[in-house]
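The chains referred to below are lettered A, B, ... by the order of the sequence lines, with proteins before strands, and numbering in each begins at 1.
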Number of protein chains: 2
Amino acid sequence: MNVLSAFHLADGPMTLSQLAKGAGMDRSAAQRMVHTLRTLGYIRRDESGNGFLPGIRILDHTLDTLRLDPLVRRATPVLQELRKSVRERIDLSLFDDLRMLYAVRLQTKRQKFYTTLVGHSVPTFCSSGGWAVLSKLSDEQVSGIVNRSDRRPFTPDTLTDAQDIKAQVQKARDDGYAIATNQILSGEIAAAFPVLNTKGDPIAAIHIAGSLAEWTQDEYIQRVVPLGQEAARAISQY
Amino acid sequence: MNVLSAFHLADGPMTLSQLAKGAGMDRSAAQRMVHTLRTLGYIRRDESGNGFLPGIRILDHTLDTLRLDPLVRRATPVLQELRKSVRERIDLSLFDDLRMLYAVRLQTKRQKFYTTLVGHSVPTFCSSGGWAVLSKLSDEQVSGIVNRSDRRPFTPDTLTDAQDIKAQVQKARDDGYAIATNQILSGEIAAAFPVLNTKGDPIAAIHIAGSLAEWTQDEYIQRVVPLGQEAARAISQY
DNA sequence: GCAAGTGTATTGCGCTGCGATACACTTGCA
DNA sequence: TGCAAGTGTATCGCAGCGCAATACACTTGC
């Protein structure tokens, strides 16, 4: 697992030495591990030139993870229904401590780059989904997450000050949903709604993301919030 | 890895005993393995009731697999461009011996069920993508794949006879693309185009899938084939 | 022509994964 | 009510396997 995790830091094929360093072990040990992972299909050679890449065998486990996840199962039909009424990008992201991890994504026509990919994540502290989730946690839990986060800004407007973030969380508490503008991507507005488990803990969030070029914030809220809220309630078990 | 692979046969949370059996080992050994996989985040307990599920940590590796894959990198922008001109569902599936494994999927408004999921696969022998790939292989290789396949039909129209399949492959050889109707899903028509690596081996296929309720086969071919072919050529390296 | 990279193969020690065993708890049938 | 058959958990000791060491073939570039 350490060897496979070494790819997290990569931005292209990895050599044995790099994998060894990333996995915290000897080059020869890494080679042996790569060897067996390769026979199992979890790693493959880069076709052109040097280095190794993760193998498609991993996608089998991806499918298991998604199709067996009770939340994803429940959410998918609801999200598709939601998308029919709202013609914007719709995501389901799972709460994973400091990050929100995209599990389901339904695109629109004009989508940015390779945002198609499952497994992408955004920080909890500066995303609409994160704020929605945080709004259902206690002040101590919120502080814990905010303090432990690496609060590097994505855009000039990304909120990094702990007080500002807590204000957004408080607003989300009052409203029951969160609105984020220009946080991850400039020009983007996102509304997010918390999803709760049977105990009332937040476990995920639904996002509806649109463009500030097409909407004013008020219009967007009016249009999108009622539908999103209904969908989130349908998925929640609380 | 055996423990994680045990989930492939599951259709819900798995108990320790089931995992042990699936992984081919003792129940206590499985327990110990589950224990460490759980601390690593690769397995989690099912929230309600008994059993275990794959953990979202796996999705980190999914992201690596997709974002580092040279083919996916090259293909994504091309596919998105393609989708702007063709308003049907577009997929990129990777050739993996007996199956074609979906890596990228761009939906339309009205999509069926939970076809959203990455990692889904369809048999090579009866899918348009499979035929497209087979059309670039030798007769022996085609026979090998067809013979080794479990040729269970999906619809009443699924081709299962080896001769019929080879005829489709031959047609794809002549045309440069493959058309499949009612093979995986009744009412579906799909056009597929082979993607080649530098050596000329087929490694993937682009699909464009539409509904027979909206198109005749001839109309569909006229509309879709030129665009799909151009996209496949743009991605291929041969 | 040497140095610093690749990836590969083989050998052997010692850590770690597996099996055995025991226990607490729930469920359902006798 | 009590037993049987399931759950999941914890601990311990041996043996098999993962890791380090070593050697080698090949490419790249100074």
Side-chain angles (χ1 to χ4, degrees), chain A residues 1-58 61 64-65 68-70 197-199 201 203 237, chain B residues 1-58 61 64-65 68-70 197-199 201 203 237:
Chain A
M1 289 310 190
N2 285 339
V3 172
L4 287 178
S5 298
F7 284 110
H8 294 164
L9 306 161
D11 60 346
M14 294 198 84
T15 72
L16 269 172
S17 312
Q18 293 172 321
L19 284 172
K21 205 173 98 188
M25 59 202 232
D26 198 58
R27 207 178 70 104
S28 64
Q31 126 71 16
R32 195 60 184 74
M33 202 66 248
V34 166
H35 172 76
T36 78
L37 285 173
R38 201 134 72 103
T39 67
L40 294 175
Y42 293 103
I43 283 184
R44 69 180 198 278
R45 291 216 56 165
D46 181 36
E47 280 211 39
S48 57
N50 295 340
F52 300 91
L53 292 172
I56 51 177
R57 180 79 192 275
I58 290 176
H61 298 288
D64 291 340
T65 308
L68 295 176
D69 186 313
N197 68 6
T198 46
K199 285 175 248 157
D201 307 320
I203 52 172
Q237 299 187 298
Chain B
M1 290 309 190
N2 284 340
V3 172
L4 287 178
S5 298
F7 284 109
H8 294 163
L9 306 162
D11 60 345
M14 295 198 85
T15 72
L16 231 39
S17 311
Q18 293 171 322
L19 284 172
K21 204 172 99 192
M25 58 203 233
D26 198 59
R27 207 177 69 102
S28 63
Q31 127 72 15
R32 196 57 186 77
M33 202 66 248
V34 166
H35 173 75
T36 79
L37 284 173
R38 200 133 72 103
T39 67
L40 294 175
Y42 292 103
I43 284 183
R44 68 181 198 278
R45 292 216 57 164
D46 181 36
E47 280 211 40
S48 57
N50 294 340
F52 300 91
L53 291 171
I56 51 177
R57 181 77 193 275
I58 289 175
H61 297 288
D64 291 340
T65 307
L68 295 176
D69 187 313
N197 68 7
T198 46
K199 284 176 247 156
D201 306 320
I203 53 173
Q237 300 187 300

Checklist entry - Taking atom CG of Asp64(B) and atom CE of Met14(A), what is their separation to the nearest 0.5 Å? => result 9.5 Å
Next on the checklist: For the CZ atom of Arg27(B) and the OG1 atom of Thr15(B), what is their distance to the nearest 0.5 Å?
Outcome noted: 8.5 Å
Checklist outcome for this item: Counted 5' to 3', the first and last nucleotides of DNA chain C within 4.0 Å (strictly under) of a heavy-atom of chain A are dT6(C) to dA9(C)
Checklist entry - Whole-Å distance between dA23(D) C1' and Asp26(A) CG? => result 14 Å
Checklist entry - Where do Asp26(B) and Arg32(B) land on the salt bridge (Lys or Arg N to Asp or Glu O under 4.0 Å) test, with the steps shown first? => result CA-CA 10 Å; Asp26(B) 198 59; Arg32(B) 196 57 186 77; over 6 Å; no
Checklist entry - Is Arg44(B) reaching over with its side chain to a backbone N or O of Pro54(B), donor-acceptor style, under 3.5 angstrom? => result yes
Checklist outcome for this item: Met33(B) CE to dC17(D) P, in whole Å, measures 14 Å
Checklist entry - Looking across every strand, which nucleic acid part, if any, lies under 4.0 Å from Thr15(A) by heavy atom: base, sugar-phosphate, or nothing? => result sugar-phosphate
Next on the checklist: What contact category does Ser17(A) fall into here, base, sugar-phosphate, or nothing, at under 4.0 angstrom with non-hydrogen atoms?
Outcome noted: sugar-phosphate
Checklist entry - Given side chains that start at C-beta, do those of Met33(A) and Asn2(A) come closer than 4.5 Å, heavy atoms only? => result no
Checklist outcome for this item: Value for CG (Leu53(B)) from CG (Asp69(A)), rounded to nearest 0.5 Å, stands at 7.0 Å
Checklist entry - Does some side-chain heavy atom of Tyr42(B) sit less than 4.5 Å from a side-chain heavy atom of His61(A)? => result no
Next on the checklist: Expressed as a whole number of angstroms, how long is the span from Arg32(B):CZ to dC12(D):C1'?
Outcome noted: 11 Å
Next on the checklist: If I take atom CG from residue Leu4(A) and atom CG from residue Leu19(A), how far apart are they, to the nearest 0.5 angstrom?
Outcome noted: 9.0 Å
Item to check | Watson-Crick and G-U pairing of DNA chain D written in dot-bracket, each distance under 3.5 angstrom, with | for inter-strand partners | outcome: ||||||||||||||||||||||||||||||
Checklist entry - Less than 4.5 Å apart, any side-chain heavy atom of Leu37(B) and any of Arg57(B)? => result no
Item to check | Met25(A) CE to dA20(D) C1', straight-line distance once rounded to whole Å | outcome: 10 Å
Checklist outcome for this item: note: Arg27(A), atom CZ; dA20(D), atom P; distance rounded to Å ~ 13 Å
Checklist entry - Rounding to a whole Å, what distance do you find between Gln31(B):CD and dA10(D):P? => result 7 Å
